Amino acid sequence: MTDERGRRLRLVLAALAVLVLGSGAVAYVVTGTDAPPEARVAPSAGPSGQAAMSAAELNDMWTRYGDAPGFHWTGGDRTVSVDLPGDQVGWLFSDTFLGSVGADNTRPANQAMVHNSLVVQTRKELTSTLHGGSPTIPLSLMCDDKVGLGCWVGDAVVDGDLLRVVVNHYAKTGPGVLDVQRTSTSLVSLALPHLTVADTKPLPLTRGIAWGQSIVDDGGFTYVYGSERTDDFQFAHLARVPVGKLTGAWEFWDGTSWSPEEARSARLASGVGTSFSVDRIGGQWVLISMESHLPLNSSVVAYTAAALTGPFTDPVELFRVPETNDQRPVIVYDATLHPHLAHKGRLLFSYNVNSLEQADLYTDARLYRPRFVEVPWPPAARDQATLPAPPTTLAARPDEDGRVQLSWAAAGQGAQYRVYQKDLTAGQLQWVRLPREVSEPSMLVDLLKNGHRYEYRVTAATGAGEGRHSDPVQATATVAPPEAPGDFVANAEGSGEIWLEWTAPRRAWRYILEKRDVTAGEGQFTRLDLPRAAQTKRIVGGLTHGHEYEFRVRAVGGGGAGPWTRARAIAFKGLPVPPGNVAATPGPGGTATITWTATPGKVTYKVYQRDVTAGQADFVEPRVTVTGTSAVATGLVPGHDYEFVVTATNRAGESGRSLPGRVTIPG
């Protein structure tokens, strides 16, 4: 990944041939078959009457719809719900698969993907999918797919007879699946009740903030939250306009008052996701997000505040996402509230699941769909008198590898300890709880950044609940860059691809991999995508037969990037050459050791033998164990002559046989 701390976790796939979706173009509404324009289903008018739904009902509803026959939504991300007039809900998605899935939950390799869509829910059933173009050549519902990556949706709000959607435009910045950059922000208006695109207007927003992550109306104003990405975290920001004036002049909260200058927009909370959600629930403002203070975190958390401008409390963990335990490179993101569907006393939210391996989305169509969760809200109050006392004598000692050793006085038998961290150098506003809970009064903290000053505090937890925080301590991390990756090899696969593999050095978080075509005279390296941030192998395709390529790899950690390691290989497509210099040496007990010289490329070997003395005409494959470029044959007859030949196999197939090696087994 390009940056483990807060990058937009979105998988960008190659788009199909597309046509321009002009402003006001009619969107097709699909109800399970290829519906013509005259079959479009319009939302019914009238006051909102949508009934509450449980998380289980919502998960079941989306599974049934995604798996149903016909052409419709089969998966998507972002998952914004809007209460529409009548008993309907509009569900806005960013990248969306359109089509149908197989009975085995596989998705056809040519299934269409568009960059945004809208699914209509009527009462407790999903009834239609809206997109641009036609079922034959589907396009995104909003924005021009030919410009960059089109647009991905933020939040939306009903404004009279329009549904206003804030969208952010993105463009590719590199070969990585996460190499995308926001280029601008627009307001798309969909005309009710048919939800056709009425117009798209650019918003005069210039600062590096992706606005529209959450939108709420309150007290005559429409408040719009945005997400600012830095090298360390993502921060929440807030703007406002009078209700119905989203295309007018915006004001930005500067920490004390409202300013017309976007550059003065203040940070309200740190560690929010690329998308998050804010709403008034039970007399307080609740911000729901994936916890992104820490790399590779998988917790959904809630911040609260008395006012929508903050200050927001430290995040409280609501739910730990199970999908990241998958063996696939699964990612989770975009936690979003759905308060208009929630039962009283429950907090209802969704999160998105994706994989950084593109093939996973086709072998398992249910992977790339939202998950819905509900938890009790507000959290139950605890009797402070029964809670354990805060740990004392907390100390922090950094080591030379960029880790910090924490220790404190034990709080008593049966206590568990929770450690909280704040990166002062990065401007972290809220404390974050480290995922691991410990039973001993110590913890070694890693994944720290060089030169950053951190603050720590600890709590004790028992069956009665979690006690108060200890007094804080601080430590500055000193992290050296990783060493160069070791044992870097590049082997041709015989299928036109080259297999790369290396060993991980100390202090490595992720890797940067690059290539250049030496034969073509390329002087500059180009970056290769690594779907798994910490993987140490990669198969590189799209190469020219007979060309020599140079590859280089470096590790990146808390101390920055380490030195490069290089390797070369010649790409070829075809069978490997037979191994050379086959020799056989007799051993004890009717055995013989066969050796040969290696064949270029990534290959495996097979050994064949024949008993010359017995008049055996054909070579057969004996039971031998091949280790590198040698093997041991057993069960040979004393006094007999044997011949051995060896072949090499790559992804294109098996080579011809080598010249034979001959041996006489001692009698």
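It should be emphasised that the depicted structure is a prediction, and the values quoted were computed from it without experimental measurement.
- Closest non-hydrogen pair, C151 versus H169, comes out as CB-ND1, 3.9 Å.
- Residue V180 comes nearest to R229 through the heavy atom pair O-NH2, 4.0 Å, listed as atom of the first residue, atom of the second, then distance.
- Side-chain polar atoms of Q428 and S270 form no donor-acceptor pair below 3.5 angstrom.
- Comment: D314 engages R457 in a salt bridge, judged by a side-chain N to carboxylate O separation of less than 4.0 angstrom.
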_Derivation of the side chain to side chain contact (heavy atoms under 4.5 Å, CB included) call for V82 and L92_ = CA-CA 8 Å; V82 185; L92 288 156; 4.3 Å; yes
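- L195 and L141 make their closest contact through O-CD1, 4.5 Å (heavy atoms, listed as atom of the first residue, atom of the second, distance).
- Under 3.5 Å, the side chains of S94 and N116 contain no donor-acceptor pair of N or O atoms.
- The cationic group of R78 does not satisfy the cation-pi geometry with W152, failing either the under 6.0 Å distance to the six-membered ring centre or the 45° limit from the ring axis.
- Contact annotation: the side chain of R320 approaches that of P435 to within less than 4.5 Å [non-hydrogen atoms, C-beta and beyond].
- Taking NE2 of H115 as the reference point, atom CG of L149 lies at 5.0 Å (rounded to 0.5 Å).
- Heavy atoms only, all atoms of each residue included: T79 and P370 are closest at OG1-CB, 3.5 Å.
- Taken from CG in D95 to CE in M113, the straight-line distance is 4.5 Å, to the nearest 0.5 Å.
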*Dump the intermediate steps for side chain to side chain contact (heavy atoms under 4.5 Å, CB included) on N354 and L356, then the final yes or no.*
CA-CA 7 Å; N354 206 331; L356 295 174; over 6 Å; no
*Please step through salt bridge (charged side-chain N to carboxylate O under 4.0 Å, His left out) for the pair R267 and E228, ending with a clear verdict.*
CA-CA 8 Å; R267 294 170 173 175; E228 175 200 8; 2.9 Å; yes
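- For the pair G160 and V158, the tightest heavy-atom approach, listed with the atom from each and the gap, is O-CG1, 3.8 Å.
- Between W91 and F372, the ring centre distance stays below 6.0 Å.
- Contact of the Y351 side chain with the E323 side chain is registered, since non-hydrogen atoms from C-beta on lie closer than 4.5 Å.
- Without hydrogens or angle criteria, S292 side chain to G271 main chain gives a donor-acceptor distance under 3.5 Å.
- With 3.5 Å as the limit, one finds a donor-acceptor pair spanning the side chains of D77 and Y333.
- When side chains are defined from C-beta on, F319 does not count as touching L347, because their heavy atoms never get closer than 4.5 Å.
- Applying the side chain to side chain contact (heavy atoms under 4.5 Å, CB included) test between V286 and each of W377, F349, Y303 identifies W377 as the sole match.
- Side chains of L447 and L294 form no contact here, defined as non-hydrogen atoms less than 4.5 Å apart.
- The backbone N or O of T63 lies less than 3.5 Å from no partner atom in the side chain of R366, so there is not a single donor-acceptor pair.
- In this structure, the separation between CZ on R264 and CH2 on W258 is 13.0 Å, given to the nearest 0.5 Å.
- When atom types are taken as modelled, the side chain of Q88 and the backbone of V120 share no donor-acceptor pair closer than 3.5 angstrom.
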_Between T129 and T96, is the side chain to side chain contact (heavy atoms under 4.5 Å, CB included) condition met? List the steps._
CA-CA 10 Å; T129 299; T96 305; 5.7 Å; no
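- No side-chain heavy atom of V224 sits less than 4.5 Å from a side-chain heavy atom of V241.
- Note: H338 and H340 have perpendicular aromatic rings, judged against thresholds of 30 and 60 degrees for the angle between ring planes.
- A side-chain donor-acceptor contact under 3.5 Å links R369 to the backbone of T74.
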*Step by step, would you call R164 with D217 a salt bridge (charged side-chain N to carboxylate O under 4.0 Å, His left out)?*
CA-CA 12 Å; R164 305 278 201 180; D217 284 344; over 6 Å; no
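- Atom NE2 of H237 sits about 12.5 Å away from atom OH of Y225, to the nearest 0.5 Å.
- Screening F93, Y368, F97 for a ring-ring contact (aromatic ring centres under 6.0 Å, His included) with W73, the sole residue that qualifies is F93.
- The closest side-chain donor-acceptor pair between T304 and T313 falls under 3.5 angstrom.
- In this model, a donor atom of one side chain and an acceptor atom of the other lie less than 3.5 Å apart for T476 and R453.
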*Under the side chain to side chain contact (heavy atoms under 4.5 Å, CB included) criterion, do V300 and I288 qualify, and how do the steps go?*
CA-CA 7 Å; V300 179; I288 295 292; 3.9 Å; yes
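- A side-chain donor-acceptor contact under 3.5 Å links S289 to the backbone of G273.
- With hydrogens and angles disregarded, no donor-acceptor distance shorter than 3.5 Å links the side chain of S299 to the backbone of V301.
- Note that CG of D144 and CG of L139 are 9.0 Å apart. Values are rounded to the nearest 0.5 Å.
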_From CA spacing to verdict: side chain to side chain donor-acceptor pair (under 3.5 Å), T459, E466_ = CA-CA 7 Å; T459 64; E466 182 179 14; 2.6 Å; yes
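- A donor and an acceptor atom, one from each side chain of N352 and S350, are nowhere located under 3.5 Å apart.
- In this structure, NZ on K245 lies 12.5 Å from CZ on F221, to the nearest 0.5 angstrom.
- Within the 4.5 Å cutoff, the side chain of E262 has heavy atoms near those of the L205 side chain.
- H72 and Y65 have their aromatic ring centers within a separation under 6.0 angstrom.
- When side chains are defined from C-beta on, Y454 does not count as touching V445, because their heavy atoms never get closer than 4.5 Å.
- Annotation: side chain of Q213 is in contact with side chain of N168 (closest heavy-atom distance under 4.5 Å).
- The backbone N or O of D334 lies less than 3.5 Å from a partner atom in the side chain of T336, making a donor-acceptor pair.
- Closest of all the heavy-atom pairs between H452 and T425 is CA-OG1, 3.4 Å.
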